Amino acid sequence: MNPDPKPRREVNKAYLAYIKTLPCLCKNSSCTGDIAPHHVYTRGSGGSDYETIPLCAYHHNEAHNTGRNTFARKYIMDYTEEFIRCLVGYIKRLEAL
């Protein structure tokens with residue numbers, strides 16, 4: 001028996017659909033392509049769908065290629081603040097329904 005089982009990942013397709021409606025967090029002239037939910041913590045390590053941020057295809061690819069810390073420094077971004085802000089917006093949207 002594995003003493004450290006893999007964490008169960010939180011999955012919510014409706015939340016990911018909401019993230020896709022938001023603008024890219026980088027908001028610059030390099031933005032191209034559809035918005036993709038970028039998992040702040042990888043899905044393979046149990047990263048939750050609730051820990052995602054909206055990035056256009058260009059910046060999503062850049063985030064994966066440059067690494068988490070380099071990307072965050074370049075765009076002066078606090079991942080935790082950003083995914084919490086997105087989550088709060090989602091909750092407010094649900095409450096308004």
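FYI, side chains are in, hydrogens and waters are out, and symmetry mates aren't considered; it's all heavy atoms of this structure. Sequential numbering from 1 along the given sequence is applied to the chain's residues. On a predicted model such as this, the values are computed, not experimentally measured, just so you know.
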- line: Applied to residues 50-74, the salt bridge (Lys or Arg N to Asp or Glu O under 4.0 Å) test, sequence neighbours excluded, yields E62-K74

query: With H39, which residues qualify under ring-ring contact (aromatic ring centres under 6.0 Å, His included), at least two apart?
result: none

query: Is there side-chain contact between F71 and H59, with heavy atoms separated by less than 4.5 Å?
result: yes

Would you tabulate the side-chain donor-acceptor contacts of residues 81-90 under 3.5 Å, counting partners in other chains and residues two or more places apart, or write 'none'?
from, atom 1, to, atom 2, distance (Å)
E82, OE1, R85, NE, 3.0
E82, OE1, R85, NH2, 2.9

query: How many angstroms lie between OG in S48 and OH in Y50, if you round to the nearest 0.5 Å?
result: 6.5 Å

Test side-chain hydrogen bond (donor to acceptor under 3.5 Å, both in side chains) applied to N65 - qualifying residues, sequence neighbours left out: N61

query: Is there a side-chain contact between V40 and T52 (heavy atoms, below 4.5 Å)?
result: no

Acceptor/donor pairs from residues 21-37 side chains to any protein atom, 3.5 angstrom cut, sequence neighbours excluded:
from, atom 1, to, atom 2, distance (Å)
T21, OG1, Y18, O, 2.6
N28, OD1, S30, N, 2.7

field: Check: L16 main-chain N/O paired with D49 side-chain donor or acceptor under 3.5 Å
entry: no

- request: Answer yes if Y15 and L97 sit in the same cluster of Ile, Leu, Val, Met, Phe, Trp and Tyr residues linked by side chain heavy atoms under 4.5 Å apart, and no otherwise.
  value: yes

task: Please name all residues satisfying ring-ring contact (aromatic ring centres under 6.0 Å, His included) with Y79, sequence neighbours left out, ordered by chain then number.
output: none

query: Backbone N or O of G67 within a donor-acceptor pair of the T70 side chain at under 3.5 Å?
result: no

- prompt: If Ile, Leu, Val, Met, Phe, Trp and Tyr residues are connected whenever their side-chain heavy atoms lie under 4.5 Å apart, and connections chain through other members, are Y75 and Y41 in the same group?
  reply: yes

